[in-house]
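By convention in this document, chain letters (A, B, ...) are assigned in the order of the sequence lines, proteins followed by strands, and residues within each chain are numbered from 1.
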Amino acid sequence: MNFIEELRWRGMIHDLMPGTEEQLSREMTAAYIGFDPTADSLHIGNLLPIMLLVHLQRYGHKPIVLVGGATGMVGDPSGKTEERKLLSIEQIQYNLNGQKKQLMKFLNFETGNNRAEIVNNFDWFRDYSFLDFIRDVGKHITVNYMMSKESVKKRLETGMSFTEFSYQLVQGYDFYWLYRNMNCKLQMGGSDQWGNIVTGTELIRRMYFDLEGSEASAYALTCPLVTKADGSKFGKSEGGNIWLDPAKTSPYLFYQYWLNLSDEDAAHFIRLFTLFSQEEIGQLTLEHQNAPHLRILQKALAKDVTLRVHSEQDYNMVVEASSILFGQGTTAMLHNLPEDMLLAVFEGVPQSEVNRQIIAEGIGIVDFLTEHTGIFPSKGEARRTLKENAVSVNKEKVSEEFTVDGKCLLNDRYILVQKGKKNYYLVKTR
RNA sequence: GGGGAGAUUCCAGAGCGGUCAAAUGGGGCAGACUGUAAAUCUGUUGGCGAUGCCUUCGGAGGUUCGAAUCCUCCUCUCCCCA
């Protein structure tokens with residue numbers, strides 16, 4: 001099996017420029033994907049492009065990660081309906097460093113002649129003057145060509161700044177630069193990047209022809225955008241994006257996101273986000289169908305991704321936490337849990353502090369849930385939820401009349417509050 | 001420049017002088033059923049010291065015992081004709 005065949009059975013190819021497959025089988029090929037430095041962490045929406053690079057490297061090719069220090073300053077109009085806010089140089093630099101660290105976990109940057117490399121396009125744009133750019137690069141691409149792009153056409157009605165219009169040229173030049181300086185012949189990305197990538201290949205072809213009279217061929221490969229079966233957006237939960245940074249999305253919530261996928265999504269995503277072979281996935285799918293309640297696919301997927309993004313230690317902790325929170329955990333079990341274990345288990349759940357004195361004196365559950373802990377935004381909502389029998393303290397359902405007092409404390413200082421089935425809060429006394 | 005339509009609670013969208021904290025749908029939250037799934041069904045969805053009170057219907061004034069509803073001005077959006 002080769003790289004393209006691998007992607008094909010996994011359903012990771014949306015579009016492929018003719019000749020790409022031939023190029024890849026001809027020689028070790030360097031390929032790049034660009035990442036936008038819009039945040040200081042990547043999120044699981046970035047995972048698919050990352051996996052493209054991972055597969056690429058596994059098949060002996062050379063991955064290049066481009067972090068868009070320069071392009072990030074311009075803003076990609078693809079898929080956007082509005083002009084984007086510009087980020088400051090400092091902010092971009094900061095975000096870049098955060099993303100860099102995360103990418104290191106996926107690719108081998110150390111050994112072999114196909115070791116991954118990371119580049120920042122700000123390095124070649126920083127000293128490139130505007131006039132030089134429009135003379136050297138702009139000359140080879142017509143406005144007519146640029147206007148025909150879907151990303152531009154969509155914005156013609158509502159308006160688009162010259163800055164964003166220029167974006168495709170800037171990205172196109174990246175490809176040219178990498179082609180020339182790093183022998184990078186392939187650019188990959190999400191399907192929304194097709195137009196930008198093709199501008200790059202076109203620019204390379206024309207610039208080589210116009211300047212040197214030689215033929216040059218560059219290639220493009222895009223993966224589909226990830227969608228969920230129910231139409232909701234992949235990678236979002238109630239709390240927002242699912243980030244790779246444990247400080248932004250705790251490993252617990254990260255694991256839970258994958259574990260909670262529907263059967264349909266799990267079967268789909270396990271091909272995209274894990275390295276299990278076709279046979280292994282077939283086997284897992286079979287086992288899953290025989291005993292769907294065990295959620296074998298979800299567990300295998302959640303485990304694999306959590307291990308790669310976080311660590312084995314995080315994974316163990318998170319499984320432990322999940323089994324206590326969702327397994328046969330009882331009030332008695334909670335009371336017997338040692339403090340360090342308790343804290344480890346609840347690392348990912350929202351926490352709040354409350355004055356010890358208040359608990360000692362005893363306090364009505366409604367006030368406790370609102371004023372003192374902020375678990376509910378208003379008393380009305382707290383009461384409503386209590387009436388719906390949806391609030392538990394230390395895994396026991398409580399009513400509106402319940403009083404929180406010293407007897408509720410676990411390890412003499414913690415209280416576990418549950419709203420509904422899945423939402424946990426840990427209250428500490430101080 | 002001329003003519004018309006509109007701005008309502010998270011969103012869409014009713015209401016057109018009291019019975020309006022405001023129909024209905026969507027979304028959200030929760031419950032039942034399950035497998036921490038999907039589908040389905042049910043409840044709930046401004047705040048509070050709560051058979052009442054307070055703040056909300058683009059903004060500012062006004063009419064009225066009483067205004068989301070009527071009048072004036074302002075701001076913004078959309079459509080049609082130039």
Side-chain angles (χ1 to χ4, degrees), chain A residues 81-82 157-159 226-242 249-271 273 284-303 305-306 315 317-330 333-334 345-346 348-350 363-393 395-402 416-426:
Chain A
T81 49
E82 287 176 4
E157 287 283 318
T158 51
V226 186
T227 51
K228 292 216 292 181
D230 65 0
S232 64
K233 201 165 175 345
F234 168 72
K236 296 260 192 209
S237 72
E238 314 83 69
N241 273 331
I242 305 292
T249 299
S250 70
Y252 169 75
L253 288 174
F254 183 87
Y255 179 80
Q256 285 287 329
Y257 181 81
W258 298 100
L259 197 65
N260 270 308
L261 290 173
S262 69
D263 292 4
E264 210 174 330
D265 287 333
H268 176 203
F269 294 167
I270 199 163
R271 290 182 300 153
F273 300 115
L284 287 168
T285 308
L286 201 67
E287 285 175 34
H288 186 276
Q289 280 161 355
N290 290 335
H293 60 282
L294 295 179
R295 287 178 299 146
I296 288 165
L297 280 174
Q298 282 92 335
K299 282 180 184 163
L301 172 60
K303 175 179 180 177
V305 183
T306 306
Y315 168 72
M317 196 277 288
V318 135
V319 169
E320 183 72 36
S322 300
S323 79
I324 288 174
L325 296 181
F326 292 102
Q328 298 311 353
T330 58
M333 263 182 73
L334 283 172
V345 164
F346 294 109
V349 314
I363 178 164
I365 184 75
V366 174
D367 288 336
F368 176 76
L369 292 174
T370 53
E371 285 167 37
H372 298 285
T373 59
I375 292 170
F376 285 88
S378 75
K379 293 186 182 177
E381 188 170 332
R383 286 207 188 87
R384 199 184 307 128
T385 313
L386 283 160
K387 276 200 190 73
E388 287 167 338
N389 204 24
V391 178
S392 299
V393 170
K395 290 198 83 84
E396 272 178 358
K397 299 274 184 184
V398 296
S399 69
E400 213 177 315
E401 287 76 42
F402 186 80
L416 179 67
V417 179
Q418 207 175 338
K419 174 186 150 204
K421 218 177 297 186
K422 298 184 197 173
N423 308 300
Y424 287 90
Y425 305 87
L426 186 66

(request) Taking atom P in both B/U77 and B/C71, compute the distance separating them and give it to the nearest angstrom. (result) 24 Å
(message) So, taking the atom named CD in A/E381 and the one named CD1 in A/I375, what distance separates them when rounded to the nearest 0.5 Å?
(response) 12.0 Å
(message) Out of the candidates A/L386, A/V417, A/N389, only one should pair with A/V398 under the side-chain contact (heavy atoms from CB on, under 4.5 Å) rule; please name it.
(response) A/L386
(request) Using the C1' atom as the reference point in each nucleotide, state the distance between B/A7 and B/U69 in Å, no decimals. (result) 14 Å
(request) Identify whether the distance between the nearest side-chain nitrogen and carboxylate oxygen of A/R295 and A/D263 falls below 4.0 Å. (result) no
(request) If B/A12 has a Watson-Crick or G-U wobble mate with both distances under 3.5 Å, name it; if not, just say none. (result) B/U24
(message) Tell me whether the rings of A/F273 and A/F234 are parallel (<30°), tilted (30 to 60°) or perpendicular (>60°).
(response) parallel
(request) Determine the interatomic distance between P on B/A68 and the same-named atom on B/G17; round to the nearest Å. (result) 13 Å
(message) Need the pair for B/U40. Rule: Watson-Crick or G-U wobble, both distances under 3.5 Å, any strand; none if unpaired.
(response) B/A32
(message) Strictly by Watson-Crick or wobble contacts shorter than 3.5 Å, is anything paired with B/C53, and which nucleotide is it?
(response) B/G47
(message) Less than 4.0 angstrom from a charged side-chain N to a carboxylate O is my criterion; do A/K228 and A/E264 meet it?
(response) no
(message) Distance check, rounded to the nearest 0.5 Å: A/T385 atom OG1 versus A/K419 atom NZ?
(response) 6.5 Å
(request) Could you work out the separation of B/C70 and B/U19 based on their P atoms and round it to a whole Å? (result) 16 Å
(request) State whether A/T385 places a side-chain N or O below 4.0 Å from either non-bridging phosphate oxygen (OP1 or OP2) of B/A30. (result) no
(message) Can you confirm whether or not the ring centre of A/Y425 sits under 6.0 Å from the ring centre of A/F368?
(response) no
(request) Treat primed atoms plus P, OP1 and OP2 as sugar-phosphate and everything else as base, then score nucleotides 33-44 of chain B 5' to 3': B for base contact with protein heavy atoms under 4.0 Å, S for sugar-phosphate contact only, - for none. (result) -BBBS-----BS
(message) Between P on B/C29 and OH on A/Y425, what's the gap in Å once rounded to a whole number?
(response) 11 Å
Give each protein N/O atom lying under 3.5 Å from an N/O atom of nucleotides 22-24 of chain B, with the pair distance.
none

(request) Round to a whole Å and report the spacing from CD of A/E381 to C1' of B/G28. (result) 10 Å
(message) Return the pairing partner of B/G18 with a 3.5 Å limit on both distances, Watson-Crick or G-U wobble; otherwise return none.
(response) B/C65
(request) Using the P atom as the reference point in each nucleotide, state the distance between B/C10 and B/A5 in Å, no decimals. (result) 28 Å
(message) B/A50, OP1 or OP2 - any side-chain N/O from A/K379 closer than 4.0 Å?
(response) no
(message) To the nearest 0.5 Å, what is the distance between OH on A/Y252 and OG1 on A/T306?
(response) 12.5 Å
(message) Going by side-chain contact (heavy atoms from CB on, under 4.5 Å), A/V393 matches just one of A/L369, A/I365, A/L416. Which one?
(response) A/I365
(request) Calculate, to the nearest 0.5 Å, the distance between atoms CD1 and OG1 belonging to A/I296 and A/T285 respectively. (result) 10.0 Å
(message) Tell me which nucleotide, if any, is Watson-Crick or G-U wobble paired with B/C76 when both distances must be under 3.5 Å.
(response) B/G6
(message) Please give the distance between the C1' atoms of B/C74 and B/G66 as a whole number of Å.
(response) 26 Å
(request) With P as the reference atom in both, quote the distance from B/G4 to B/C48 in angstrom, rounded to an integer. (result) 47 Å
(message) I want to check one thing: is the phosphate of B/U45, taken as OP1 and OP2, less than 4.0 Å away from some side-chain N or O of A/R383?
(response) no
(message) If I pick the C1' atom on B/G49 and the same atom on B/C54, what distance separates them, to the nearest angstrom?
(response) 12 Å
(message) With a 3.5 Å limit on both atom pairs, tell me what B/G1 is paired to, counting Watson-Crick and G-U wobble, or say none.
(response) B/C81
